[in-house]
Amino acid sequence: MDRDFKSLAIIIKKEKKGERNGLLTLLSPDLGLIKAISYGSSRSPKGDRFPLYAEGLFSLSKKGENAIYVKDVEILTDHDWVKTSLDKIGWVTLFSELIILSRLCDSSIYSLYTSVLDEMESNNVDRCAVYFISHFLLVEGLSGDWKVCHMCQREYRDDEILGFSTLSGTACCSNCDTLSSSLILPPNARRYIMYVSSSDIETSLSYKISDEFVKKISHYLVRTLEVSFPARLKTIESGLLG
């Protein structure tokens, strides 16, 4: 029996399904990840009714036990600006991949994803990336403890440079470092990540720090994902993030 319903959602991935149809991955605050077929959406890119990263109210239809079809959408925000630079495309593609692979898809993840996209249009993309990854790692359980070594439970000194443990997948003291100091975190960078991890996005973006230093921290967090995330991240491997 067919069942029609509506859901607030954002398109986080688009694929082709056959010659004429598309397969959309939607992230919904209420329903999580939804795979939905869109009839004829591969025929005319210029007339695409379902643009990637569009957020809106989707009209959906469930046919049988598994198949879901998207009939229409009332777009609230198209986030079309994402396509204006490779940096933005790279970061947002990574955010989407992390959500899909981890299957972390409750309302807090929806809020994190959409709030970062909203802010990224007019703010430094690396600051927004640091915010997303820091909070994602918290939810995923990979952020560790920025005050105490996760491995030996020793409290860090304020001026201590941290290493990284592949055993815990988190930053650690130099004695517990398993990467021979190839992934280190200076104390000022640690303080910034601690601040961002405990702040809302508006407060985080107002922090006084140079864009150059934020870029270095974003690269550090990408490297931590390479080492600790339990799946291959094609976005990082592709070199889209520079």
Side-chain angles (χ1 to χ4, degrees), residues 2-107 109-114 116-118 120-121 125 129 132-133 136 140 222 225-226 229-242:
D2 294 357
R3 180 169 68 88
D4 294 341
F5 61 101
K6 290 188 176 183
S7 178
L8 178 66
I10 185 167
I11 301 171
I12 66 174
K13 186 177 181 180
K14 290 185 65 172
E15 305 165 88
K16 283 188 176 182
K17 188 174 180 62
E19 291 298 319
R20 301 173 66 253
N21 302 327
L23 180 62
L24 309 181
T25 301
L26 308 177
L27 174 63
S28 164
D30 301 317
L31 303 175
L33 289 174
I34 304 168
K35 293 278 191 179
I37 299 168
S38 56
Y39 280 130
S41 64
S42 295
R43 288 184 301 176
S44 176
K46 291 184 179 179
D48 190 358
R49 290 186 299 152
F50 310 112
L52 185 60
Y53 308 126
E55 180 184 10
L57 186 62
F58 287 77
S59 297
L60 303 164
S61 180
K62 185 173 183 180
K63 299 180 183 294
E65 290 298 317
N66 298 310
I68 296 177
Y69 295 82
V70 56
K71 299 163 64 176
D72 203 359
V73 61
E74 179 187 339
I75 294 178
L76 304 175
T77 309
D78 60 20
H79 296 115
D80 195 53
W81 55 265
V82 171
K83 303 159 193 172
T84 61
S85 82
L86 287 177
D87 278 349
K88 293 171 182 176
I89 292 171
W91 282 123
V92 179
T93 303
L94 176 63
F95 303 160
S96 302
E97 186 179 21
L98 287 169
I99 290 171
I100 292 168
L101 290 176
S102 68
R103 302 198 66 80
L104 293 173
C105 49
D106 60 12
S107 59
I109 290 294
Y110 181 89
S111 177
L112 173 63
Y113 185 90
T114 54
V116 168
L117 260 64
D118 290 342
M120 194 177 275
E121 180 177 11
V125 293
F132 181 93
I133 297 173
F136 179 85
E140 184 76 354
V222 167
L225 287 171
E226 284 186 290
F229 193 72
R232 287 178 55 202
L233 293 168
K234 294 181 181 179
T235 308
I236 296 176
E237 293 180 354
S238 71
L240 263 178
L241 300 174

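- Evaluation of the side-chain hydrogen bond (donor to acceptor under 3.5 Å, both in side chains) rule for Asp78 yields no partner, not counting sequence neighbours.
- In this structure, Ser61 and Lys71 have side chains that are in contact, with non-hydrogen atoms separated by less than 4.5 Å.
- Listed by chain and number, the residues in a side-chain hydrogen bond (donor to acceptor under 3.5 Å, both in side chains) with Asp72 amount to none (sequence neighbours excluded).
- Every residue meeting the side-chain contact (heavy atoms from CB on, under 4.5 Å) condition with Leu57, not counting sequence neighbours, appears here in chain and number order: Lys6, Glu74.
- Tyr110 meets the ring pair (Phe, Tyr, Trp, His ring centres under 6.0 Å) test with no other residue; sequence neighbours excluded.
- Partners of Phe58 under the ring pair (Phe, Tyr, Trp, His ring centres under 6.0 Å) rule, at least two apart in sequence or in another chain, do not exist in this structure.
- With contacts defined as side-chain heavy-atom distances shorter than 4.5 Å, the pair Ile68/Leu26 does not qualify.
- Take Glu97 and apply the side-chain hydrogen bond (donor to acceptor under 3.5 Å, both in side chains) test, not counting sequence neighbours, and it matches Thr235.
- When side chains are defined from C-beta on, Lys88 does not count as touching His79, because their heavy atoms never get closer than 4.5 Å.
- Annotation for Glu237 and Arg232: closest pair OE1-NH2, 2.8 Å, computed over non-hydrogen atoms.
- The two residues Ile89 and Val82 come nearest to each other via the heavy atoms CG1-O, 3.4 Å.
- Partners of Ser111 by side-chain contact (heavy atoms from CB on, under 4.5 Å), not counting sequence neighbours: none found.
- Distance CG/Asp106 to CG/Leu31: 12.5 Å, rounded to 0.5 Å.
- In this structure, Lys14 NZ and Leu23 CG are separated by 11.0 Å, a value rounded to the nearest 0.5 Å.
- The side-chain hydrogen bond (donor to acceptor under 3.5 Å, both in side chains) test applied to Thr114 returns no partner, not counting sequence neighbours.
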(request) Determine, stepwise, if the pair Val92 / Leu52 fulfils side chain to side chain contact (heavy atoms under 4.5 Å, CB included). (result) CA-CA 11 Å; Val92 179; Leu52 185 60; over 6 Å; no
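- Listed by chain and residue number, Lys83 satisfy the salt bridge (charged side-chain N to carboxylate O under 4.0 Å, His left out) test with Asp80 (two or more places apart in sequence, or in another chain).
- To the nearest 0.5 Å, atoms CZ (Phe95) and OH (Tyr113) are separated by 8.5 Å.
- The one candidate from Ile34, Ile10, Leu8 that meets the side chain to side chain contact (heavy atoms under 4.5 Å, CB included) condition with Ser28 is Ile34.
- The aromatic rings of Phe229 and Phe136 sit tilted relative to each other, their planes meeting at an angle between 30° and 60°.
- Judged as a salt bridge (charged side-chain N to carboxylate O under 4.0 Å, His left out), and not counting sequence neighbours, Lys234 has no contacts.
- Rounding to the nearest 0.5 Å gives a distance of 9.5 Å between OG1 of Thr77 and CG of Leu117.
- Nearest heavy atom pair, residue Met120 against residue Ala129, reads CE-N, 4.4 Å.
- Qualifying side-chain contact (heavy atoms from CB on, under 4.5 Å) partners for Leu33, counting only residues two or more places apart in sequence or in other chains: Ile12, Thr25, Leu27, Ile99, Arg103, Cys105.
- Distance CH2/Trp91 to CG/Leu240: 11.0 Å, rounded to 0.5 Å.
- Between Leu60 and Arg3, the closest side-chain pair of non-hydrogen atoms is not below 4.5 Å.
- Judged as a side-chain contact (heavy atoms from CB on, under 4.5 Å), and not counting sequence neighbours, the contacts of Glu121 are Trp81.
- Here the CG-NZ distance, from Asp4 to Lys62, works out to 12.5 Å after rounding to the nearest 0.5 Å.
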